[in-house]
Amino acid sequence: MPDLLANLNPEQLAAVTLPNEPALILAGAGSGKTRVLITRIAWLIQQRFATPATVLAVTFTNKAAREMMGRLTALLPIDTRGMWIGTFHGLCNRMLRAHHRDAGLPATFQILDTADQLSAIKRLMKGLGVDDEKYPPKNLQYFINNAKEQGLRPDQVDASDTFNQKFVELYRAYEQQCQREGVVDFPELLLRCYELLVHHAPLRAHYQARFKHILVDEFQDTNKLQYAWLKLLAGPSNAIFAVGDDDQSIYAFRGANVGNMRDFEREFNVRHLIKLEQNYRSHGYILDAANQLIANNARRLGKNLRTDAGHGEPVRVYEAATDTQEAAWAVEEIRALMNQGLARGEIAVLYRSNAQSRAIEHTLVSAGIPYRVYGGLRFFERQEIKHALAYLRLIDNGNDDTAFARVVNFPTRGIGARTIEQLADAARLYNCSMAAAIPYVTGKAGSSLASFANLIAKMRVETERMSLPETVEYVVRTSGLAEFYEGEREGQDRLENLQELVNAATAFVSEEGYGLDTPARSIPLSRGASAAPEIGFSPDDAGDPATTVLDAPGLDEPAQNPDLMTPLAGFLSHASLEAGESQAQAGEDAVQLMTVHAAKGLEFTAVFITGLEEGLFPHENSAIEPEGLEEERRLMYVAITRAKERLYLSFAQSRMLHGQTRYNIRSRFFDELPQETLKWLTPKAEAGARWGGRSDNAGWGRDWFARPDRQQGRYGGSYGGYAATEGAAAALPAFANEQREADTGFRVGQQVFHTKFGEGAITALEGSGADARAQVRFKRHGEKWLALAVAKLQVVE
DNA sequence: TGGGCAGAAGTTTTT
DNA sequence: CTTCTGCCCA
């Protein structure tokens, strides 16, 4: 029996061996968080406190789920088939597939990814004749997803103003459309699953009886709905073991609610709060920097990282004249590090926003250094892949209009916009899917539509007994996609990707344990039957609730076996829920370029944090959020704690952005770091002497400014008082007198609408032209300063 | 039906 | 400056 507990430090040991009661593990960066989570599961099972079937472990990314699964099976010989380890969305999908009838969904419901959802919304709005200038589809998408993440259906959303009323009305219509088409978007997966458990007491009781041990990774990233779902599963008696770090909460902008940690502590009456503060990653100075920086944040649960490693090297700071020069310097340093024997893959260049990668990429290319940029187009998001998947979806579910609209005329088969419009009208008239409305379209248009319908029908018949990979290959060929790309000049890559899709199907079938010959659209009998003793681990299993539920009366069939998913449905879910790796670039051993967000969870021997300038990092836009600056600081904290041995911080006096040269001052974060850990490679200029005092009001984003002699900027500076000295700064004339009283079209007291913050009233105006700003008191978001050139306020009649 | 062009917009991102 | 979107024309 392996000694799971060897080499754990006292805090880790305490966490791993806690009794089965609610627990919150505050795990600092590099403190062995994942290890604790995995060892905890293994220990529970080894000690017979749990069987694999009574454990539910949830993560945010597929990557994390895979890692957990992999490391767990390496620790203990567990049959993972019966385990519920996955992402929130993956687990909810699994549950909804199993109980689709109770959830009010067809067995073949399809999942819309973000892009699919947007096109569904556009189609809806077009059909209803809604002005998409006044109601931008993207805003409606945000509105819908936001509502769902708050657990709100259309009739529960506050619709006090006319704008919201329209959105609510569209939300309702969107839901009807999705329901008719048998499609489900990402937040819907969670909300449906949540409602399923709320409304079906036997199901709820079943899962509550089953999942005695609920473990949550990255708890600080959960949103309200996810937390509610967890609470429901936990019920009155199950324990949640939550692991997270409030200091690494960097996803508030997409709904993450750090407050869940406090709520959890309170609502579950958490008695076990364990802090993992021993850091195994970074040298001392780097941790000192991180600790002191994050101490500037107010609402923290409180935590300080420590290390047994020595101070290590100081944090190197570099001030460049321009972004180009910053890149040149960084690449020189990288070269030096490589010469010292450091692997390229151990070097990362981090930045706040993607646009910043360009300058560094350029320099790396000319230096001939292989690099890899994270982010970008991913496998299942490629055009040709989405097309192929659309055919597969249509075979599975003919009502899926999103899939239908995507490929009805791709490859082109003489079905133009006119015809599609006719069809859409008919579909609306008869309240049916586009496919079902085909017989109602007459004439030539009708016959070309009919032949498309025949094509799909033929595919459906001929793939009846095919395995999943065969089906995919067949569809790629029969749809005409392969032929189309063969004829394209640059279709070679796309053809290869389509072949890769067939390979992905093969891999999926084998990894998921389907028989290679299992027909893609039939329920895998072998799986259904053999999966019954889901645990197969110890003699105790006989009494396990997971086993008994299969025969439990009162539950809807064929739901009980959670794995009752056809290979095709499984594969389509997989394609939607896991977009795949972003395109691999350059060689294996390449310098790593990514945003700070993308770097979370990773570590490198040497890290460059670039573009540390006011307006960029912290980003100007975060000034409008009440807690924006604190999140930026947490982001900086995440960035710093990626470094193991060497950390570089750099900024540039001027930077090309959006075709304009911007002049920024160095980030305030420099002033929040312990100065004794910093080693300035360029002379340190005193911020005060150099730039004049800094205003500390709400609109701190204005601390940077565009060069007035160019004056094209939306942000043209009208602030005087900057003491010009050297270089770029010398180009700054005093500019304060130029302020004119140009009419902004707004007045104090006016009611306005902002797409993100909703309704509010103007309480003050200042500046003019491109620089004009308004202070608005929003009903729900408090007072904010908004740049009129940016904010696009609409006057409410 | 598709290409060409003008105009807009441009933090962060997973599912 | 670049990238994407939507529109118009041949």
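What you see is a predicted model; the values in this text were computed from it and never measured. Each chain gets a letter, A, B and so on, in the order its sequence line appears, and its residues count up from 1.
Taking atom CG of residue A/Leu629 and atom C1' of nucleotide B/dT11, one finds them 15 Å apart after rounding to whole Å. Atom-to-atom, CG of A/Asp221 to C1' of B/dT12 comes out at 12 Å; the value is rounded to the nearest Å. The nearest whole Å value for the distance from the CG atom in A/Leu350 to the C1' atom in B/dT11 is 15 Å.
In this structure, SG on A/Cys193 lies 5.0 Å from CG on A/Leu96, to the nearest 0.5 angstrom.
Counted within 6.0 Å of NZ on A/Lys224, heavy atoms from surrounding residues, nucleotides or ligands total 12 or fewer; the atom is thus considered open.
In this structure, the ring of A/Tyr351 has its center no less than 6.0 angstrom from the ring center of A/Phe608.
Counting non-hydrogen atoms under 4.0 angstrom, A/Asp113 reaches nothing in the nucleic acid. Among the atoms of the strands shown, none is found under 4.0 Å from any heavy atom of A/Leu112.
Taking atom P in both B/dT12 and C/dT5, one finds a spacing of 16 Å when rounded to whole Å.
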Can you pull every protein N or O that's under 3.5 Å from an N or O on nucleotides 13-15 of chain B?
{"unit_1": "B/dT13", "atom_1": "OP1", "unit_2": "A/Thr595", "atom_2": "OG1", "d": "2.7"}
{"unit_1": "B/dT13", "atom_1": "OP2", "unit_2": "A/Asn354", "atom_2": "ND2", "d": "3.3"}
{"unit_1": "B/dT14", "atom_1": "O4'", "unit_2": "A/Arg254", "atom_2": "NH1", "d": "3.3"}
{"unit_1": "B/dT15", "atom_1": "OP1", "unit_2": "A/Asn62", "atom_2": "N", "d": "2.8"}
{"unit_1": "B/dT15", "atom_1": "OP1", "unit_2": "A/Asn62", "atom_2": "ND2", "d": "3.1"}
{"unit_1": "B/dT15", "atom_1": "O2", "unit_2": "A/His89", "atom_2": "NE2", "d": "3.3"}
{"unit_1": "B/dT15", "atom_1": "O4", "unit_2": "A/Thr114", "atom_2": "OG1", "d": "2.7"}

Could you go through nucleotides 1-7 of chain C and list every protein N or O atom that sits under 3.5 Å from one of its N or O atoms, giving the distance for each pair?
{"unit_1": "C/dT3", "atom_1": "OP1", "unit_2": "A/Arg358", "atom_2": "NH2", "d": "2.9"}
{"unit_1": "C/dG6", "atom_1": "OP1", "unit_2": "A/Lys122", "atom_2": "NZ", "d": "3.2"}

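Judged by the 6.0 Å and 45° rule, A/Arg393 forms no cation-pi pair with A/Phe404. Stacking of A/Arg634 on the aromatic ring of A/Tyr637 is not recorded, the 6.0 Å distance cut-off and the 45° axial limit not both being met.
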(request) Evaluate the side-chain hydrogen bond (donor to acceptor under 3.5 Å, both in side chains) criterion for residues A/Asp396 and A/Thr108: first the C-alpha distance (whole Å), next the side-chain angles of each, then the deciding distance (0.1 Å), finally the verdict. (result) CA-CA 6 Å; A/Asp396 212 28; A/Thr108 57; 5.1 Å; no
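In this structure, the side chain of A/Arg662 does not engage the main chain of A/Gln653 through any donor-acceptor pair within 3.5 Å. In this structure, A/Asp116 contributes its side chain and A/Asp113 its backbone to a donor-acceptor pair below 3.5 Å.
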